[in-house]
J.: 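Take a look at the following structure, please.
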Amino acid sequence: MFTRSALLGLVLALSATAAQAVTYVVGSGGTYRPFEFENAQKQLEGFDIDIIKAVAKAENFDIKLVNTPWEGIFATLNSGDRDIIISGITITDKRKQMVDFSAPYFPAEQAIVVPETASVSSLASLKNLNVGVVNSSTGDIVVSDVLGKNSTAIKRFDNTPLMLQELYEDGIGAAVGDVGVVKYYIKTHPEKQFKLVSDNKFERQYFGIAVAKGNNELRSKINAGLQKIIADGTYAKIYATWFDSNVPALPAQ
């Protein structure tokens, strides 16, 4: 039988464990493969989902994932409906006025996609080609600067898979899109034999994990978790699962 002091100690230990198991509600868009999307069971999965799960494990907190439409996602932080949002969110000065961001966890620049045998080496090499972009995307803006906004050589598509299928069928000579999305496509369609080409004219941007403005405690937890999973190799394993083995160097926190 337990003594009274032993029972008290057990109660205190259980209480301490329960106190440590904080649960944060995490909002994610669920429509941006491979970062976050719904599987056949209507559960969220993707690179971002694996990252926030790893951060939570490293920092000993629990999460509840909620599919949250992109429109209005930032407002869910300020209303208290979400504690964290991770949804392929590019860190910008404008968004910093609404939310606080973690340290960068993914480089979000553009990339040129061409067949492996193509001689394209830069944006300037695209001038004599028909080039695919996703309509109104960052890639559209970049290519419009090079070829001219009204150039008939720019072919605009509704999404990345349609654009890259057209590239495969030789309907266009090159494509420009988000590096994470096109890397994932190349990984999952090796038979199409595409390669990526970078250019220093592409603006280097990063994704960040957002919390409500002023929530420094939670932001610090997330940053600490990111540091841990980068240091112990978890980040590299997650990156290789969704993209490739060329794990990017991230800015110092």
Side-chain angles (χ1 to χ4, degrees), residues 21-92 94-109 134 137-138 159-161 177-185 187-188 205-213 215 217-230 234-235 237-243 248 250:
V22 179
T23 299
Y24 295 110
V25 180
V26 179
S28 194
T31 58
Y32 188 38
R33 191 182 295 264
F35 293 95
E36 46 273 327
F37 58 95
E38 280 192 342
N39 59 25
Q41 291 73 43
K42 298 296 183 180
Q43 297 172 327
L44 285 169
E45 62 177 87
F47 175 79
D48 282 355
I49 306 305
D50 287 350
I51 289 294
I52 196 61
K53 285 180 177 179
V55 166
K57 182 178 180 181
E59 283 300 294
N60 194 33
F61 61 79
D62 294 328
I63 58 172
K64 178 184 177 183
L65 291 164
V66 180
N67 194 336
T68 307
W70 175 258
E71 184 177 353
I73 198 170
F74 294 103
T76 64
L77 287 178
N78 296 324
S79 68
D81 291 334
R82 306 287 184 271
D83 301 301
I84 299 167
I85 53 175
I86 181 168
S87 197
I89 305 168
T90 303
I91 300 170
T92 66
K94 183 177 180 180
R95 289 172 178 164
K96 285 179 181 179
Q97 296 174 14
M98 298 185 292
V99 299
D100 283 341
F101 282 104
S102 70
Y105 72 92
F106 188 86
E109 72 269 18
V134 174
S137 67
T138 302
N159 57 59
T160 300
D178 294 346
V179 66
V181 177
V182 295
K183 269 193 173 189
Y184 176 73
Y185 188 94
K187 180 181 178 69
T188 53
Q205 295 181 307
Y206 294 93
F207 290 162
I209 302 168
V211 300
K213 200 75 179 165
N215 193 344
E217 180 181 356
L218 182 52
R219 183 172 63 169
S220 294
K221 282 185 182 181
I222 292 169
N223 282 340
L226 284 172
Q227 284 185 324
K228 288 176 183 176
I229 68 172
I230 290 170
T234 300
Y235 180 94
K237 289 178 182 177
I238 294 171
Y239 189 92
T241 297
W242 293 101
F243 305 111
L250 297 169

J.: Quick one: list whatever passes ring pair (Phe, Tyr, Trp, His ring centres under 6.0 Å) with Tyr32, sequence neighbours left out.
T.: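 Only Phe35 meet the ring pair (Phe, Tyr, Trp, His ring centres under 6.0 Å) criterion with Tyr32.
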J.: Does Phe207 have its ring centroid less than 6.0 Å away from the ring centroid of Phe47?
T.: no
J.: Run the side-chain hydrogen bond (donor to acceptor under 3.5 Å, both in side chains) test against Lys213 and tell me which residues pass, sequence neighbours left out.
T.: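 Once residues adjacent in sequence are excluded, the partners of Lys213 under the side-chain hydrogen bond (donor to acceptor under 3.5 Å, both in side chains) criterion are Asp100.
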J.: Supply the atom-to-atom distance Ile229 CD1 to Glu59 CD, rounded to the nearest 0.5 angstrom.
T.: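 Rounded to the nearest 0.5 Å, the CD1-CD separation comes out at 10.5 Å.
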J.: Between Leu250 and Pro107, what is the shortest heavy-atom contact and its length?
T.: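 Heavy atoms of Leu250 and Pro107 come nearest at CD2-CD, 4.0 Å.
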J.: Counting C-beta onward and ignoring hydrogens, is there a side-chain heavy-atom pair between Phe106 and Ile51 closer than 4.5 Å?
T.: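 Phe106 vs Ile51: side chains apart.
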J.: Supply the atom-to-atom distance Leu65 CG to Glu36 CD, rounded to the nearest 0.5 angstrom.
T.: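 Between Leu65 CG and Glu36 CD, I get 10.5 Å after rounding to 0.5 Å.
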J.: Under 4.5 Å between any side-chain heavy atoms of Thr90 and Arg95, yes or no?
T.: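 Heavy-atom side-chain distance check passes, below 4.5 Å.
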J.: Mind checking whether Gln227 and Asn223 have side chains closer than 4.5 Å, heavy atoms only?
T.: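 SC-SC contact between Gln227 and Asn223 ruled out.
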J.: Atom NZ of residue position Lys187 - does it have more than 12 heavy atoms of other residues, nucleotides or ligands inside 6.0 Å?
T.: yes
J.: Looking only at heavy atoms, which two atoms of Ser28 and Leu44 are closest? And how far apart?
T.: CB-CD1, 4.1 Å
J.: Listing request: all salt bridge (charged side-chain N to carboxylate O under 4.0 Å, His left out) pairs with a residue in residues 63-86, at least two apart in sequence or in separate chains.
T.: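 Sorted pair list comes back empty.
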J.: Please determine whether the number of non-hydrogen atoms from other residues, nucleotides or ligands lying under 6.0 Å from atom NZ of Lys53 exceeds 12.
T.: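 No, not enclosed.
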J.: Does any non-hydrogen side-chain atom of Pro104 lie less than 4.5 Å from one of Ile91?
T.: yes
J.: Checking side chain to side chain contact (heavy atoms under 4.5 Å, CB included) for the pair Arg33/Tyr185: CA distance, chi angles, key distance, verdict?
T.: CA-CA 9 Å; Arg33 191 182 295 264; Tyr185 188 94; over 6 Å; no
J.: Side chains of Thr160 and Asp178, heavy atoms from C-beta outward: is any pair under 4.5 Å?
T.: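 No; the side chains remain at least 4.5 Å from each other.
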J.: Set out, in order, the CA-CA distance, both residues' side-chain angles and the distance that settles side chain to side chain contact (heavy atoms under 4.5 Å, CB included) for Thr92 and Phe101, then state yes or no.
T.: CA-CA 10 Å; Thr92 66; Phe101 282 104; 5.8 Å; no
J.: With sequence neighbours left out, what residues match Lys183 under side-chain hydrogen bond (donor to acceptor under 3.5 Å, both in side chains)?
T.: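 If we apply the side-chain hydrogen bond (donor to acceptor under 3.5 Å, both in side chains) test to Lys183, skipping adjacent residues, the hits are Tyr239, Asp244.
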J.: With sequence neighbours excluded, tell me which residues meet side-chain hydrogen bond (donor to acceptor under 3.5 Å, both in side chains) with Tyr105.
T.: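 Tyr105: side-chain hydrogen bond (donor to acceptor under 3.5 Å, both in side chains) contacts with Asp48.
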J.: With heavy-atom distances below 4.5 Å as the criterion, would you say the side chains of Thr68 and Ile85 are in contact?
T.: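 They are not in contact (no side-chain heavy atoms under 4.5 Å apart), so the answer is no.
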J.: What are the two closest non-hydrogen atoms of Gly29 and Ser87, and how far apart are they?
T.: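 Of all heavy-atom pairs spanning Gly29 and Ser87, the closest is N-OG, 2.8 Å.
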J.: State, to 0.1 Å, how close Ile238 and Ala54 come at their nearest heavy-atom pair, and which atoms those are.
T.: CD1-CB, 4.0 Å
J.: Looking at CD1 of Ile222 and CD1 of Ile84, how far apart are the two atoms once the value is rounded to the nearest 0.5 Å?
T.: 4.0 Å
J.: Kindly write out the residues that satisfy side-chain hydrogen bond (donor to acceptor under 3.5 Å, both in side chains) with Asn67, not counting sequence neighbours, or none if the list is empty.
T.: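 side-chain hydrogen bond (donor to acceptor under 3.5 Å, both in side chains) check on Asn67 returns Glu38.
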J.: Looking at Trp242 and Gly46, what are the two nearest heavy atoms and their distance?
T.: CZ2-CA, 3.4 Å
J.: Would you say that Phe74 contacts Ile89 through its side chain, given a criterion of any heavy-atom pair below 4.5 Å between the two side chains?
T.: yes
J.: Could you tell me which non-hydrogen atom of Val99 sits nearest to which non-hydrogen atom of Val211, and how far apart they are?
T.: CB-O, 3.5 Å
